[in-house]
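Sharing a structure with you now.
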Amino acid sequence: MSEIAKIDVNGSVYEFPIIEGSENEKAIDISKLRGLTGGITTIDPGYKNTGSCESAITFLDGEKGILRYRGYSIEELADKADFLEVAYLLIFGNLPNAETLEKFKQDIKEHAVVDEDLKKIVDAFPRAAHPMGVLASLTSALTAFNPSSVDVDSEEAMYKAIVKIMGKFPVLVGWTMRKNQGMPFRYSDSSLGYVENILKMMFKKPGEKYVQNPILVDALDKLLILHADHEQNCSTSTVRIVGSAHAGLFASLSSGISALWGPLHGGANQAVLEMLEAIKEDGGDTKKYMAKAKDKSDPFRLMGFGHRVYKNFDPRAKIIKVAADEVLGDLGVEDPILDIAKGLEQEALKDDYFVKRKLYPNVDFYSGIIYRAMGIPTEMFTVMFALGRLPGWIAQWREMRLRKEPIGRPRQVYIGENSREFVKINRR
Ligand code: SDX
């Protein structure tokens, strides 16, 4: 017998079932609230207390700093799996065996060709266009070049759409970077692994042999895994709600890219680097910026700090911080902003304002330092986040469609003008 919640509205008591998930999370099912109460709904700006769905993909515990993809800990996956193995796990629900993984990798390679006409879209953008805007447009444009909408109930059609976007997206990322850098576009190289291929498409200079650096390959593979999914974050919720209208997969993914671009979300990794650079330019005065972050009259926030769910520590930030030390050490890169970042973290961990509000470094705080050491331009940092988050978005979109979830359409409480008569313009 499930527990029940009772709501008393002016003496009328309404009962609602409490559902419990596989990790003992509990939620009041209010799906019958409006009907039972004659029109009363709930309101919860930012959905801080409201679940949008039941999902079997990612579990996170913000108090304990736990993050698991399909039951596997992020620590183990980052240490023992590769990105496409994790992508398969997220999308299809189980770790692939060697044969299945090899087929997945080959099928992705086969679909890594992007229609040449898509280049005309990239060419139309000014060189200074932000890469996230270019990427969102190219991803949406994929629909025009792959018009057959996805029959989600067909395993075969769904698999084909998945390997298509997993194959083409890295090429679009490469073209986005090359546009930003004024470099000729490159195509996918099917002789390479997924991450090696991405790095070569991004970095190979005309007329020069591109030599893979295993440190960069390993670092990027790990970063992509750490960014691969994060339950119902802003961009994933966007992908789900756009997909709930039965918009296509590519169009839904494009909306997720736009949401991720926001500096409060995935755009924070770029904002963190810009903040650390500003502090460095300002003589490394971290105390001044801590004071700005605490000053309510100052819109400045300590970018890369705080999280809607993690109120202890972001397990991804812990892994990335260690990786940042390793990568910069292996590359022999001395980056003063890493020291500034560590100084800021140490100060915030002792500062009452941050401790009271449980503000700790999140996934975006250290990732940009690695991207920069890898030679990735700051404006491309959020594109790298999108590259990692792609399989998570696909998995969440697919789950939502397979569960035949209704179209997302929240209610509201109207606070505008009451009914009033129209007045002709000569009498206003
Ligand atoms: C990502 O949801 C996900 O899972 C996202 C993500 C993913 O993998 O998809 O994890 C990726 O988006 C990580 C977050 C990246 N964003 C940033 O680093 C931007 C800086 N952080 C914040 O803007 C903020 O912490 C959020 C947006 C991340 C969370 O905001 P919430 O949960 O809405 O919290 P809030 O704004 O209500 O803040 C609570 C209090 C407020 O102070 P009071 O009104 O209580 O006095 O904490 C303060 C805020 O002013 N606060 C900060 C702060 N973050 C919150 N003060 C200074 N600096 C900050 N960074």
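All residue numbers in this chain count up from 1 along the given sequence.
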Gln106 versus Glu102, side-chain donor and acceptor atoms under 3.5 Å:
yes
Any chance the rings of His307 and His230 have centres within less than 6.0 Å? yes
Original post:
With a 3.5 Å cut-off and no angle check, do the side chains of Thr286 and Glu347 form a donor-acceptor pair?
Top reply: yes
Any donor and acceptor pair, going by atom type alone, linking the side chain of Asp44 with main-chain N or O of Lys48 inside 3.5 Å?
yes
| Is any side-chain heavy atom of Glu277 closer than 4.5 Å to a side-chain heavy atom of Met275? | no
Using modelled atom types and a 3.5 Å cut-off, is there a donor and acceptor pairing between side-chain atoms of Thr41 and backbone atoms of Arg411?
no
| Donor-acceptor pair, Glu399 side chain versus Ala56 backbone, under 3.5 Å? | yes
- Query: Given Phe305 and Tyr360, is the ring pair (Phe, Tyr, Trp, His ring centres under 6.0 Å) satisfied, shown in steps?
  - Reply: CA-CA 5 Å; Phe305 267 79; Tyr360 298 91; 8.3 Å; no
Practice task
Mark yes when over 12 heavy atoms from residues, nucleotides or ligands other than Lys160 sit less than 6.0 Å from its NZ; otherwise mark no.
Solution key: no
Anything under 3.5 Å between a donor and an acceptor, one on a side chain of residues 208-217, the other on a protein residue two or more places apart or in another chain? List them.
| unit_1 | atom_1 | unit_2 | atom_2 | d |
| --- | --- | --- | --- | --- |
| Gln212 | NE2 | Glu196 | O | 3.0 |
| Asn213 | OD1 | Ile215 | N | 2.8 |

Q: Find out whether Thr236 and Arg389 are in side-chain contact, i.e. whether some heavy atom of one side chain is under 4.5 Å from a heavy atom of the other.
A: yes
Does atom CD of Glu116 have more than 12 heavy-atom neighbours, drawn from other residues, nucleotides or ligands, at distances under 6.0 Å? yes
Residue pairs passing the salt bridge (charged side-chain N to carboxylate O under 4.0 Å, His left out) test with at least one member in residues 350-362, sequence neighbours excluded, are Lys294-Asp351
Any donor and acceptor pair, going by atom type alone, linking the side chain of Thr382 with main-chain N or O of Phe385 inside 3.5 Å? no
Between Arg127 and Asn180, the two heavy atoms sitting closest are NE-O, 3.3 Å
- Query: Are there more than 12 heavy atoms of other residues, nucleotides or ligands under 6.0 Å from atom NZ of Lys318?
  - Reply: no
Donor-acceptor check, side chain of Asp221 to backbone of Phe83, threshold 3.5 angstrom: yes or no? yes
Do side-chain atoms of Tyr310 reach the backbone of Glu63 as a donor and acceptor pair under 3.5 angstrom?
no
Any Lys/Arg nitrogen of Glu379 or Lys179 sitting under 4.0 Å from an Asp/Glu carboxylate oxygen of the other?
-> no
| task | Look at atom NZ of Lys119 and say whether more than 12 heavy atoms of other residues, nucleotides or ligands are closer to it than 6.0 Å. | result | yes
- Message: When you compare the side chain of Leu95 with that of Glu85, does any pair of heavy atoms fall below 4.5 Å?
- Response: yes
Original post:
Above 12 or not: heavy atoms from other molecules or residues under 6.0 Å from OH of Tyr47?
Top reply: no
Exercise. Between the side chain of Asp115 and the main-chain N/O of Phe145, is any donor-acceptor distance below 3.5 Å?
Worked result: no
message: Quick one: does any side-chain atom of Tyr414 pair with a main-chain N or O of Glu417 as donor and acceptor, under 3.5 Å?
response: yes
Taking the side chain as every heavy atom from C-beta outward, state whether Pro96 and Phe104 have any atom pair closer than 4.5 Å.
no
Q. Where the side chain of Ser255 meets the backbone of Ser252, is there a donor-acceptor pair that is under 3.5 Å apart?
A. yes
**OP:** Give a yes or no on whether the backbone of Gly193 and the side-chain of Asn197 come within a donor-acceptor separation of less than 3.5 Å.
**Re:** no
